[in-house]
S.K.: 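Next up is a structure, given as structure tokens.
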Amino acid sequence: MLAFVPELLWFVAHTRPRCEKKLVQHCGRQGVATTLPCYDSAHKYRGKTVVFRKPLFPGYVFLRIQPHESTVIRQNDHVANLLEVFDQATFEQQLKDILIALDSGVGVQLAPAIGEGSRVRIKGGPLQGLEGWVERRYGMTTVLLRLDFINQSAAVKLDADLLEPV
């Protein structure tokens, strides 16, 4: 008689801050299949360029497990929450598409969901804490931000990574 083998399903592990790679290492030791799409990010330090591998979706690791394994994953110190994927086929196709784009070397980055007319707060740099309105986007990385002061407005161009929705 054949034993029933449960199907492997996709789950999304919402990790604790900066624990994505730690969870992938832990799952690897446990024999759990994981996917962590990453891109290269170059930074200059004292004249040297250092390349880091950063998660494309910070805070998320994609797992392929049997449903009964979800309890063990939820109990891991690196996991804040484990989310079920309801449309397995669509999720798998979208994940494959992202991985193909990353492997192609075209420079995939997560686009901030900050559109024209959005109210945002500056989360870093000399203007940290100020709030304003997005007037215009220039590609993926630059935003023209309107700051209102005493019935007057000033505009400043900023890196979109410095902004968060309010």
Side-chain angles (χ1 to χ4, degrees), residues 10-64 73 76-83 85 91-150 152-166:
W10 285 104
F11 285 81
V12 178
H14 182 207
T15 67
R16 300 202 185 280
R18 294 175 300 286
C19 285
E20 301 91 349
K21 292 178 183 178
K22 292 175 186 173
L23 178 60
V24 168
Q25 289 173 348
H26 174 78
C27 288
R29 289 190 298 269
Q30 303 302 316
V32 173
T34 60
T35 302
L36 179 62
C38 292
Y39 67 97
D40 291 333
S41 176
H43 295 278
K44 288 193 174 195
Y45 296 102
R46 298 184 191 112
K48 292 183 181 179
T49 301
V50 180
V51 178
F52 296 97
R53 298 280 296 156
K54 290 187 172 182
L56 183 62
F57 305 104
Y60 296 96
V61 174
F62 310 115
L63 310 170
R64 193 130 195 219
I73 298 295
N76 185 288
D77 290 339
H78 306 303
V79 176
N81 196 8
L82 190 64
L83 311 170
V85 174
F91 179 84
E92 187 165 357
Q93 185 58 52
Q94 290 173 344
L95 185 57
K96 282 181 183 177
D97 292 346
I98 288 291
L99 294 173
I100 288 169
L102 286 168
D103 288 343
S104 73
V106 295
V108 177
Q109 291 183 346
L110 194 59
I114 297 173
E116 293 181 12
S118 299
R119 181 133 177 98
V120 295
R121 179 179 302 113
I122 302 170
K123 62 181 183 178
L127 302 177
Q128 182 174 353
L130 296 180
E131 294 183 10
W133 298 91
V134 175
E135 289 291 314
R136 180 173 292 159
R137 292 287 309 244
Y138 297 99
M140 298 262 294
T141 59
T142 307
V143 173
L144 181 65
L145 188 64
R146 185 186 81 224
L147 303 172
D148 295 327
F149 303 103
I150 317 168
Q152 299 291 318
S153 293
V156 61
K157 278 189 182 180
L158 291 172
D159 187 342
D161 291 339
L162 293 175
L163 305 175
E164 62 185 358
V166 176

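Just so you know, residue 1 is the first one in the sequence shown, and it goes up from there.
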S.K.: Do E92 and R64 make a side-chain contact, defined as non-hydrogen atoms from C-beta onward lying under 4.5 Å apart?
M.R.: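 The answer is yes; the side chains approach within 4.5 Å.
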
S.K.: Out of curiosity, R136 CZ to E116 CD, how far, rounded to the nearest 0.5 Å?
M.R.: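 Rounded to the nearest 0.5 Å, the CZ-CD separation comes out at 6.5 Å.
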
S.K.: Among L23, T35, V79, which residue satisfies the side chain to side chain contact (heavy atoms under 4.5 Å, CB included) criterion with V61?
M.R.: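 It is L23, the one option of L23, T35, V79 that forms the side chain to side chain contact (heavy atoms under 4.5 Å, CB included) with V61.
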
S.K.: Answer yes or no: is there a side-chain heavy-atom contact under 4.5 Å between T142 and D159?
M.R.: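 Of all side-chain heavy-atom pairs linking D159 with T142, none is under 4.5 Å.
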
S.K.: With a 4.5 Å heavy-atom cut-off, do T15 and N81 have their side chains touching?
M.R.: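 A side-chain contact is absent here, since even the closest heavy-atom pair is not under 4.5 Å.
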
S.K.: L102 and side chain to side chain contact (heavy atoms under 4.5 Å, CB included): which partner among D97, D40, L56?
M.R.: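 Going through D97, D40, L56 one by one, the side chain to side chain contact (heavy atoms under 4.5 Å, CB included) with L102 is satisfied by L56 alone.
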
S.K.: Once you round to the nearest 0.5 Å, how far does CG of D77 lie from SG of C19?
M.R.: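 The CG atom of D77 sits 9.0 Å away from the SG atom of C19.
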
S.K.: Can you tell me how far the CG atom of L127 sits from the CG atom of L158, to the nearest 0.5 Å?
M.R.: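 Reported to 0.5 Å precision, the distance equals 6.0 Å.
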
S.K.: Look at the aromatic rings of F62 and F91 and report parallel, tilted or perpendicular, splitting at 30° and 60°.
M.R.: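 Aromatic pair F62/F91 classed perpendicular.
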
S.K.: Working to the nearest 0.5 Å, report the span between CD of Q128 and CG of L130.
M.R.: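 Reported value, rounded in 0.5 Å steps: 9.5 Å.
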
S.K.: L95 and P37: which non-hydrogen atoms are nearest, and at how many Å?
M.R.: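 Closest approach of L95 to P37, heavy atoms only: CD1-CG, 4.0 Å.
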
S.K.: With salt bridge (charged side-chain N to carboxylate O under 4.0 Å, His left out) as the rule and sequence neighbours excluded, what pairs involving residues 123-134 come up?
M.R.: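 Sorted pair list: R119-E131, R121-E131.
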
S.K.: Taking the side chain as C-beta and beyond, is there a heavy-atom pair between V134 and L144 under 4.5 Å?
M.R.: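 Answer no - side chains too far apart.
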
S.K.: Are the side chains of E20 and P58 in touch, meaning some heavy atoms are under 4.5 Å apart?
M.R.: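 Yes. Closest side-chain heavy atoms under 4.5 Å.
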
S.K.: When V12 is tested against each of L63, L82, V85 for side chain to side chain contact (heavy atoms under 4.5 Å, CB included), which residue passes?
M.R.: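 For V12, the side chain to side chain contact (heavy atoms under 4.5 Å, CB included) test succeeds with only one of L63, L82, V85, which is V85.
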
S.K.: Is the closest side-chain heavy-atom distance between R16 and H78 below 4.5 Å?
M.R.: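 They are not in contact (no side-chain heavy atoms under 4.5 Å apart), so the answer is no.
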
S.K.: If only atom types and distance count, is the side chain of K21 paired as donor or acceptor with the main-chain N or O of P55 below 3.5 Å?
M.R.: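 Answer holds: no.
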
S.K.: Determine, stepwise, if the pair I73 / C27 fulfils side-chain contact (heavy atoms from CB on, under 4.5 Å).
M.R.: CA-CA 9 Å; I73 298 295; C27 288; 4.2 Å; yes

S.K.: Calculate, to the nearest 0.5 Å, the distance between atoms OG1 and CD belonging to T34 and Q25 respectively.
M.R.: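 With rounding to 0.5 Å, OG1 (T34) is 10.0 Å from CD (Q25).
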
S.K.: Quick check for you: to the nearest 0.5 Å, what is the distance between Y60 atom OH and L83 atom CG?
M.R.: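 CG of L83 is found 6.5 Å from OH of Y60.
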
